[in-house]
Amino acid sequence: PDQEQNVGRTVPEIGNSALRGMQSSTFTGLSTVDHAEVVAGDTRISRYPLLAFASFPREMVLGPWKKHAMVYGGASIVLVLVVAALSTLLVLGQIRLNRQSRALAMAASTDMLTGALNRRAFMESASREFARVCRYGGHLSCIMIDLDHFKRINDTYGHAAGDLILSSSARYIASRLREPDLFCRYGGEEFVILLPGTDQGGGVTLAEELRAGLSGLELKYGNAQLSLTASFGVAEIHAQCSTLEHLLSLADQALYKAK
């Protein structure tokens, strides 16, 4: 098309290709006129010894398709990247949210100074454990701990020294406990431990170990050497112990006697 110099020209190769078959065909190849790469097609005209043949430069035929393919392909790649980025941000956001939720839950359930459970969280967990033992049986003992002369240390050296005593004591006590044991800062300088699967004898043994360990801690505050002792009360659940509060009361009474 649009090449007048080819009008009326005989091209033997076209005739020869037409003789290969009577069906219409489309193909790509080199033009027999100018040897450029073309997309061509031919078809026989019925009832006449005529062959209709047309060819176009390959770039003219495929150029728009390539352009559209590049545009749509590029847009698809961008879309995939955007979706991947959004998915990554969503996952990272969920991880950050989970971490914040855990941090908030921990802050709501622990004493910030000592790392022990606060009283509310302890009572919730201890109540479940108490109910389990009441239903299925087993041993459950409680240790009440009071740091001796804590007020005197606060008055003599200040609250920072008192905080050192509390945090050091709590860290040592926690290091001697098992995974299922519940450890709580019950109030002020008082701590309480709930020991599932432990009878009163086992509780007394642990209390004595903790008493000896606490008295052996070497705590320095400035130039002062702080000494530490603690009193303990141990109680175990029994048939007449109907509530968790009763068990804690028995341990507190034993602590009062130890004082």
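Computed from a predicted structure; not experimentally measured.
- Scanning both residues, Y157 and A224, for their nearest heavy atoms gives CE2-CB, 3.5 Å.
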- Query: Which is it for C134 and I237 under the side chain to side chain contact (heavy atoms under 4.5 Å, CB included) test, yes or no, and what are the steps along the way?
  - Reply: CA-CA 9 Å; C134 288; I237 188 174; 3.9 Å; yes

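- Distance OG1/T156 to NE2/H149: 11.5 Å, rounded to 0.5 Å.
- Nearest heavy-atom pair across S168 and L217 is O-CD1, 4.2 Å.
- Residues A121 and S109 approach most closely at CB-O, 3.4 Å, considering heavy atoms.
- L255 and L206 fall into different hydrophobic clusters, where Ile, Leu, Val, Met, Phe, Trp and Tyr side chains are chained together by heavy-atom contacts under 4.5 Å.
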- Task: Apply the test salt bridge (Lys or Arg N to Asp or Glu O under 4.0 Å) to residues E124 and R128: give CA-CA distance (whole Å), side-chain angles for both, the deciding distance (0.1 Å), then the verdict.
- Result: CA-CA 7 Å; E124 290 178 356; R128 289 193 295 269; 5.0 Å; no

- Given S125 and E129, is the side-chain hydrogen bond (donor to acceptor under 3.5 Å, both in side chains) satisfied, shown in steps? CA-CA 6 Å; S125 299; E129 185 61 32; over 6 Å; no

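- Taken together through direct or relayed side-chain contacts under 4.5 Å among Ile, Leu, Val, Met, Phe, Trp and Tyr, L182 and V192 form part of one hydrophobic cluster.
- Tracing side-chain contacts under 4.5 Å through hydrophobic residues (I, L, V, M, F, W, Y), one never reaches Y256 starting from L147; they form parts of separate clusters.
- Side-chain heavy atoms closer than 4.5 Å link hydrophobic residues (I, L, V, M, F, W, Y) into clusters, and following such links, possibly through other members, connects L195 to I145.
- Expressed to the nearest 0.5 Å, how far CG of N154 lies from CD1 of I165 amounts to 9.5 Å.
- No side-chain heavy atom of Q94 sits under 4.5 Å from any side-chain heavy atom of L90.
- Atoms SG and CG, from C142 and L194 in turn, are 6.0 Å apart once rounded to the nearest 0.5 Å.
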Please list, one pair per line, the donor and acceptor atoms closer than 3.5 Å that link side chains of residues 171-178 to other protein atoms, with sequence neighbours excluded.
unit_1, atom_1, unit_2, atom_2, d
S175, OG, Y172, O, 2.5
R176, NE, E209, OE2, 2.9
R176, NH2, E209, OE2, 2.7
R178, NE, D181, OD1, 3.1
R178, NE, D181, OD2, 3.1
R178, NH2, D181, OD1, 2.6
R178, NH2, P196, O, 2.8
R178, NH2, T198, OG1, 3.1

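- In terms of heavy atoms, V234 sits closest to A207 at CG2-CB, 3.9 Å.
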- Task: Would you check, one step at a time, whether the test side-chain hydrogen bond (donor to acceptor under 3.5 Å, both in side chains) holds for T114 with D111?
- Result: CA-CA 6 Å; T114 63; D111 176 69; 2.7 Å; yes

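- Other residues, nucleotides and ligands place no more than 12 heavy atoms under 6.0 Å from the CD atom of E218.
- Remark: D199 engages no residue in a salt bridge (Lys or Arg N to Asp or Glu O under 4.0 Å) (not counting sequence neighbours).
- Scanning both residues, R119 and C184, for their nearest heavy atoms gives CA-SG, 3.9 Å.
- By the rule that hydrophobic residues join a cluster once side-chain heavy atoms approach within less than 4.5 Å of another member, L250 and I143 end up as members of separate clusters.
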- Starting from the C-alpha separation in whole Å, work towards a yes-or-no answer on side-chain hydrogen bond (donor to acceptor under 3.5 Å, both in side chains) for N118 and T110. CA-CA 5 Å; N118 59 34; T110 58; over 6 Å; no

- Item | side chain to side chain contact (heavy atoms under 4.5 Å, CB included) between E189 and D148, intermediate numbers included | CA-CA 8 Å; E189 68 274 20; D148 299 330; over 6 Å; no

- Given the rule in the side chain to side chain contact (heavy atoms under 4.5 Å, CB included) test, do H139 and V133 qualify, once you have shown the distances and angles that lead to the verdict? CA-CA 7 Å; H139 295 291; V133 173; over 6 Å; no

- After noting the C-alpha distance and the side-chain angles of F232 and L210, does the key distance pass the side chain to side chain contact (heavy atoms under 4.5 Å, CB included) rule? CA-CA 9 Å; F232 295 78; L210 294 177; 3.8 Å; yes

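- In this structure, OH on Y186 lies 14.0 Å from CZ on F191, to the nearest 0.5 angstrom.
- No donor-acceptor pair under 3.5 Å is formed between the side chain of S249 and the backbone N or O of E245.
- Rounding to the nearest 0.5 Å gives a distance of 5.5 Å between CE of M123 and CG of L248.
- The minimum heavy-atom distance linking A230 with L214 is given by the pair CB-CD1, 3.9 Å.
- We find the CD1-OH distance between I77 and Y72 to be 15.5 Å, quoted to the nearest 0.5 Å.
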